[in-house]
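Since the structure comes first, as structure tokens, the remarks are kept for the end.
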Amino acid sequence: MKTPAWRYVEDLLAGRKPRPFKASEDEAAEVRAAILLRSEQDSGEPSEEFVAALRDRLAGELAEQPAPSTGGRRRFVKITTAAAAAAAAGAVIDHALVTQTAAAPEKQNLVPDNGEWRAVVASTDLPDGTVRPFDLGAVTGFLRRSGGEVSAVSAICTHLGCRLRLDAPERKLNCPCHRTSFNVDGSLAEHELPVAPAPLPSLLVRESGGHVEVFVPPPA
Amino acid sequence: MGERAESQHERQRAEPRGLHLVGQDVYADWEAVYRDNVGRIHRLMYAKVGNRPDAEDLTTEVFLTALKPLRVTASVGEVRSYLLATARTVLAEYWRRTLGRQVTTLDEELGISTPEPTPENPTAPARAAAILAALPERYRRILELRFLGACSLREAADEMGVTVGNAKVLQHRALRQAATVAEKELS
């Protein structure tokens, strides 16, 4: 009678990491009951060793964050709306209703340490007012021509790194992960996060020999 | 931890931070966020998965995911809500990966979340007691011996005067029935 569900419960009782298995509805209910009974006996206070070890790990992770590449101190300011708070919490935080928007985080540029210019599209294929996605492997982004000037922004959401999709009619870059959207110039359009993500970094672009070129890292 | 949180709190109050409203406290730094929330998140995860190795892994995942975008002056309530929302996603992914079903969720906790959520989930022990009370005597007994009394299967069998095989069957059926009771209670 050593079914996977039985083993799972015995692992719970022994304080071991239980082994995964494909559970039926009944088995899931059994496991649920076992978990409930386990939590009767132990409040689940973390061990001091665990708390200290995770603290050290986080300190290491946070120290690895690259410094902002543009001049000036990066300011972290929040844009809080009732909708953002409600989406994150499933509940409206009353004091958040009156918190007002402050200045947005500064925009940054993405410039490789060394790189090369790569042609993306023919200049004629990027008429004024258009936005075009491009994918050069290491760098994905959106090209735009506005008032004759060509510019490009990264296609990676500054929240958790999901790839943005172009909504051409609305002129928006939408994140499929958390309902964040950016304007085609890279500025934040809307979000439902507790903390406003930074605007999209700009990429270096130029027009040369009838092509729009983007400065990208050299191939590995 | 209490003392440390106190002093950070004091420092916080001493520094004017723009136009924050009274009552909208903020954390001094990421470490203050961590110290204040690691216990809560771990207790929550433990109550949802029932074992420490997984509760520790999931707690780690929550902080690794949430802390980087959290380097901001968000209020304590917002930070807690954000951590809870992250924990909910992490837990859902854990069940999808391990048993392929959402065995437990954090929906309930999110639903009742407030700027100052209660430190733990006080309903779990009460629920467990209610479920045990609803079971027939022998079912209740085997679960009490194994889950609350930390008895091995053999010890529980001896205690009840049955064979190990019988105790196994009893435990299996008792859990099934406990599950049924728990489901009913939910609906």
Side-chain angles (χ1 to χ4, degrees), chain A residues 1 6 9 11-13 15-18 20-23 25-47 50-51 54-55 57-59 61-62 65 76-78 80 85 88-91 93-96 98-100 102 159-160 193-195 197, chain B residues 19 21 23-24 30 34 38-39 42-43 46-56 59-60 63-64 67-74 77-78 81-82 84-85 97-101 103-104 110-111 113-115 120 124-125 127-129 131 143 146-148 168 172 175-176 178-179 182-183:
Chain A
M1 207 181 76
W6 172 271
V9 171
D11 282 341
L12 285 185
L13 283 169
R16 288 188 296 257
K17 197 180 180 71
F21 70 99
K22 182 128 187 54
E25 192 98 30
D26 281 354
E27 288 167 332
E30 234 173 285
V31 168
R32 190 178 302 129
I35 289 169
L36 188 61
L37 291 170
R38 276 299 282 176
S39 60
E40 155 91 338
Q41 205 236 351
D42 184 345
S43 70
E45 203 60 47
S47 71
F50 168 72
V51 171
L54 178 54
R55 189 227 154 265
R57 183 168 172 191
L58 291 169
E61 294 268 335
L62 291 171
Q65 295 224 72
F76 293 95
V77 197
K78 67 186 156 128
T80 307
I93 301 167
D94 54 1
H95 65 243
V98 286
T99 306
Q100 268 315 309
H159 175 222
L160 291 178
L193 304 166
V195 169
Chain B
L19 289 175
L21 295 175
Q24 187 175 4
W30 74 266
Y34 176 67
V38 65
H42 187 277
R43 285 193 297 269
Y46 182 82
K48 297 298 171 181
V49 300
N51 77 90
R52 284 176 173 272
D54 279 337
E56 291 184 354
T59 303
T60 301
F63 281 98
L64 283 179
L67 225 45
K68 280 190 188 177
L70 258 183
R71 290 199 317 171
V72 289
T73 53
E78 286 159 348
S81 301
Y82 183 55
L84 200 52
R97 203 168 61 224
T98 54
L99 299 195
R101 282 172 192 278
V103 176
T104 53
L110 275 167
S113 119
T114 62
E120 47 211 300
R127 277 193 66 202
I131 289 164
L143 294 183
R146 299 248 32 224
F147 282 86
L148 312 184
K168 252 188 184 179
H172 178 70
L175 263 189
R176 277 272 152 111
E183 303 292 280

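Order of the sequence lines fixes the chain letters, A, B, ..., with proteins taken first and strands second; residue numbering starts at 1 for each chain.
Under the 4.5 Å side-chain criterion, counting only non-hydrogen atoms from C-beta, B/Trp30 is in contact with A/Arg55. Side-chain contact between A/Pro46 and B/Thr59: absent, with no pair of heavy atoms (C-beta onward) separated by less than 4.5 Å.
Note that CZ of B/Arg146 and CG of A/Leu12 are 11.0 Å apart. Values are rounded to the nearest 0.5 Å. Separating the CZ atom in B/Phe147 from the CG atom in A/Leu13 is a distance of 4.5 Å, to the nearest 0.5 Å. Taken from CG in A/Asp42 to OH in B/Tyr46, the straight-line distance is 4.0 Å, to the nearest 0.5 Å. Atom-to-atom distance recorded for B/Asp54:CG and A/Ile35:CD1 is 9.0 Å, nearest 0.5 angstrom. A distance of 8.5 Å separates CG of A/Asp11 from CG of B/Asn51, quoted to the nearest 0.5 Å. Note that the CZ atom of B/Arg127 and the OG atom of A/Ser39 stand 9.0 Å from one another [nearest 0.5 Å].
With a 4.5 Å cut-off on non-hydrogen atoms, B/Arg176 touches chain A through its backbone and its side chain both. Heavy-atom distances place the side chain of A/Arg57, and not its backbone, under 4.5 Å from chain B. Contact of B/Ala178 with chain A is made through backbone and side chain together, with heavy-atom distances under 4.5 Å. If you measure heavy-atom distances from B/Val103 to chain A, the contacts under 4.5 Å come from both the backbone and the side chain. In this structure, chain A has a heavy atom under 4.5 Å from the side chain of B/Ile131, while its backbone stays farther away.
Minimum heavy-atom separation, A/Phe50 to B/His42: CE2-CD2, 3.8 Å. For the residue pair B/Tyr34 and A/Leu54, the shortest heavy atom distance occurs at OH-CB, 3.2 Å. Minimum interatomic distance between B/Glu56 and A/Ser47 (heavy atoms only, all atoms of both residues): OE2-OG, 3.9 Å.
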### Task
Quick one: do A/Leu37 and B/Leu148 satisfy side-chain contact (heavy atoms from CB on, under 4.5 Å)? Show the steps, please.
CA-CA 8 Å; A/Leu37 291 170; B/Leu148 312 184; 5.5 Å; no
### Task
Mind running salt bridge (Lys or Arg N to Asp or Glu O under 4.0 Å) on A/Arg32 and B/Glu183 for me, showing each step along the way?
CA-CA 10 Å; A/Arg32 190 178 302 129; B/Glu183 303 292 280; 2.6 Å; yes
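Counting heavy-atom pairs closer than 4.5 Å to chain B, the top-ranked of the candidates A/Glu30, A/Arg38, A/Glu25, A/His159 is A/Glu30. Taking A/Ala29, A/Ala33, A/Ala23 one by one and counting their heavy-atom pairs under 4.5 Å with chain B, the maximum is reached by A/Ala23.
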